[in-house]
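Worksheet for the structure shown next.
Please read these numbers as outputs of a predicted model, since none were measured by experiment.
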Protein chains: 2
Amino acid sequence: MIRLKMGITQRKEREKEEMRQLILDAALRLFRERGYDGVSLRNIAEAIEYSPGTIYLYYRDKSEIFFALQFEAAAVKRDHLLSVANIKDPWERLVEFGRRYIDFGMRHPDLYDLLFITRAPMESVENQECWQLGLATHSFFVDTVQACVDQRYFKSTDTETIAYTLWCHAHGLVSLFVRERMRMYPEEKRIELAQKSFALVVKMAETL
Amino acid sequence: MIRLKMGITQRKEREKEEMRQLILDAALRLFRERGYDGVSLRNIAEAIEYSPGTIYLYYRDKSEIFFALQFEAAAVKRDHLLSVANIKDPWERLVEFGRRYIDFGMRHPDLYDLLFITRAPMESVENQECWQLGLATHSFFVDTVQACVDQRYFKSTDTETIAYTLWCHAHGLVSLFVRERMRMYPEEKRIELAQKSFALVVKMAETL
DNA sequence: TTGACAATTGAACAGTGTTCAGTATATTTG
DNA sequence: CAAATATACTGAACACTGTTCAATTGTCAA
């Protein structure tokens, strides 16, 4: 009897989770197409064939949907980046990390936007977890730079500044792409330019 | 008689221009405080003590107000940057240009945002002029890099990639600031870090 | 003063995020 | 099984949004 009850509770739990994911999937698809402000809750509701009010039974408000997506994005990014952890040589690890950072931004411009560009209130529990994820990835990055410094890969020993500078370049590169500020370069040359720029920074960093 | 009429026409013209500027000033102040989406036309109307409908006699829609501000921002930026044109030595000119680019972003985060980050429909006549302004500034930048290349300031001779790489760094640096993605660094260290990073890039570029 | 023109208004429209009383369904209890 | 309870869901309603437009006010020439 209590066993039965438990089973039902579990099922309900599962269904609740499925519904949350259903909303999230629809929201991501719509946000991708039309941006955060271009999508209304009624649009999302219509997409999943429920009434607008229903969504509020699963998310407190619209921004919470956004935060949930941001959290997912942070997880995807972490998995995309931390897979370089097995590379022993810190310099190679760093280069590959950079390559993957840019690759992540290019492959998932919407997620990158969510994480690093979009303005959004930075409260919410969901978002603190997201912040933790991001911080972990950042720490991994800084640690890798530190390892390079320890092994005298650079002339400079200012780990913090080196790490920050590399991040600035990668973030600048990706966000100019994501927010379409490269119109002065012909479409087909943009990717090539980005690759050349990355290569140049790698070369520069070698003689840092 | 016709003279008088002309005078009146001129005054009307002037008043119209004043009204446009009044709207723009109020809009900029509000956008600064609450962002583009956080401000309604009724807010702007209230701020200038006119009815909502009045604004549509001076700007076709809300986005045109935005574009007008973007155009102003582009002009401010151009003036801020092109004042280095009188520096003869291309390398010194380039370094000062970079310093001022970052300085512009830090001093006018809202304008920088308008120009390089905010997503907005890129049509409108107003905006094409704005684009012209931006392109001119960019050309000046590339020309300066080219001058450095010509005088063998760098090892590399790929002007385009060098220019783009420097821009990536500066843009990344500013936009991480503007969109508040530097929370992992304590508030008081951020400016210092930015300065150190700029200095590092200058040093790196010397051995490019 | 009157007629024409320009500037301004504010109500109206369709949309937004959000709330909540009511309904329908599912589960537990007697 | 039937009744009572708990849960899921609805859709109308609220105050807001950008935008339009008939009606009103104010200004100026004849």
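One interatomic measurement links the two molecules: CZ of Arg60(B) to C1' of dG18(D), which rounds to 14 Å at whole-angstrom precision. Per the geometry, OH belonging to Tyr59(A) stands 16 Å off P belonging to dG17(C), to the nearest Å. Between the C1' atom of dA7(C) and the CD1 atom of Ile48(B) lies a distance of 13 Å, rounded to the nearest Å. Distance Ile55(B) CD1 to dG10(C) P: 14 Å, rounded to the nearest Å. Atom CG in Leu57(A) sits roughly 9 Å away from atom P in dT10(D) (whole-Å rounding). In this structure, Phe66(A) places its CZ atom 15 Å from P of dG17(C), rounding to the nearest Å. The distance from atom CD of Glu15(B) to atom C1' of dA7(C) is 10 Å, rounded to the nearest whole Å. With rounding to whole Å, Tyr58(B) atom OH is found 18 Å from dT19(D) atom P.
In DNA chain C, runs of at least 3 stacked Watson-Crick or G-U pairs (N1-N3 plus N6-O4 or O6-N4, or N1-O2 plus O6-N3, all under 3.5 Å) give these stems: C:3-30 with D:1-28.
Gln146(B) and Glu160(B) share no side-chain donor-acceptor pair at under 3.5 Å. Between the side chains of Asp103(A) and His80(A), at least one donor-acceptor pair of N or O atoms lies under 3.5 Å.
With Phe198(B) as the aromatic partner, Arg99(B) does not meet the cation-pi criteria of under 6.0 angstrom to the ring centre and within 45 degrees of the ring axis. A cation-pi arrangement is absent between Lys77(A) and Tyr112(A) under the rule of less than 6.0 angstrom and at most 45 degrees off the ring axis. Annotation: cation-pi geometry satisfied between Arg20(B) and Tyr59(B) (NZ/CZ under 6.0 angstrom from ring centroid, within 45° of ring axis).
Only Arg42(B), listed by number, bring a heavy atom of residues 24-47 of chain B to less than 4.0 angstrom from any atom of DNA chain C.
A donor-acceptor pair under 3.5 Å is formed between the side chain of Lys62(A) and the backbone N or O of Val39(A). Ser197(A) places no side-chain N or O within donor-acceptor distance of the main-chain N or O of Leu193(A), the cut-off being under 3.5 Å. In this structure a side-chain-to-backbone donor-acceptor pair under 3.5 Å is missing from Arg100(B) to Leu81(B).
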Between Asp158(A) and Ser156(A), does a side chain to side chain donor-acceptor pair (under 3.5 Å) hold up when you go through it step by step? CA-CA 6 Å; Asp158(A) 186 350; Ser156(A) 167; 5.6 Å; no
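Of the listed nucleotides (dT8(C), dT18(C), dT10(D)), dT10(D) has the atom at the smallest distance from the side chain of Ser51(A). In the set dA8(D), dT10(D), dT18(C), the nucleotide with an atom closest to the side chain of Asp61(A) is dT18(C). Checking dT19(D), dT18(C), dA7(C) against the side-chain heavy atoms of Lys62(B) singles out dT19(D) as nearest. Side chain of Tyr50(B), nearest nucleotide from dA8(D), dT9(C), dT19(D): dT9(C). Minimum atom distance to the side chain of Met19(A) is reached by dC9(D), of the listed dC9(D), dT19(D), dG17(C). Residue Thr54(B) has its side chain nearest to dT8(C) when only dA7(C), dT8(C), dA8(D) are considered.
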Could you tabulate the donor-acceptor pairs under 3.5 Å formed by side-chain atoms of residues 43-54 of chain A, not counting sequence neighbours?
{"unit_1": "Asn43(A)", "atom_1": "OD1", "unit_2": "Arg34(A)", "atom_2": "NH1", "d": "3.3"}
{"unit_1": "Asn43(A)", "atom_1": "OD1", "unit_2": "Ser40(A)", "atom_2": "N", "d": "2.9"}
{"unit_1": "Asn43(A)", "atom_1": "OD1", "unit_2": "Ser40(A)", "atom_2": "OG", "d": "3.0"}
{"unit_1": "Asn43(A)", "atom_1": "ND2", "unit_2": "Ser40(A)", "atom_2": "OG", "d": "3.3"}
{"unit_1": "Ser51(A)", "atom_1": "OG", "unit_2": "Gly53(A)", "atom_2": "N", "d": "3.3"}
{"unit_1": "Thr54(A)", "atom_1": "OG1", "unit_2": "Ser51(A)", "atom_2": "O", "d": "3.3"}

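For the OP1/OP2 pair of dT19(D) and a distance below 4.0 Å, the side-chain nitrogens and oxygens of Tyr56(B) include at least one atom meeting the criterion.
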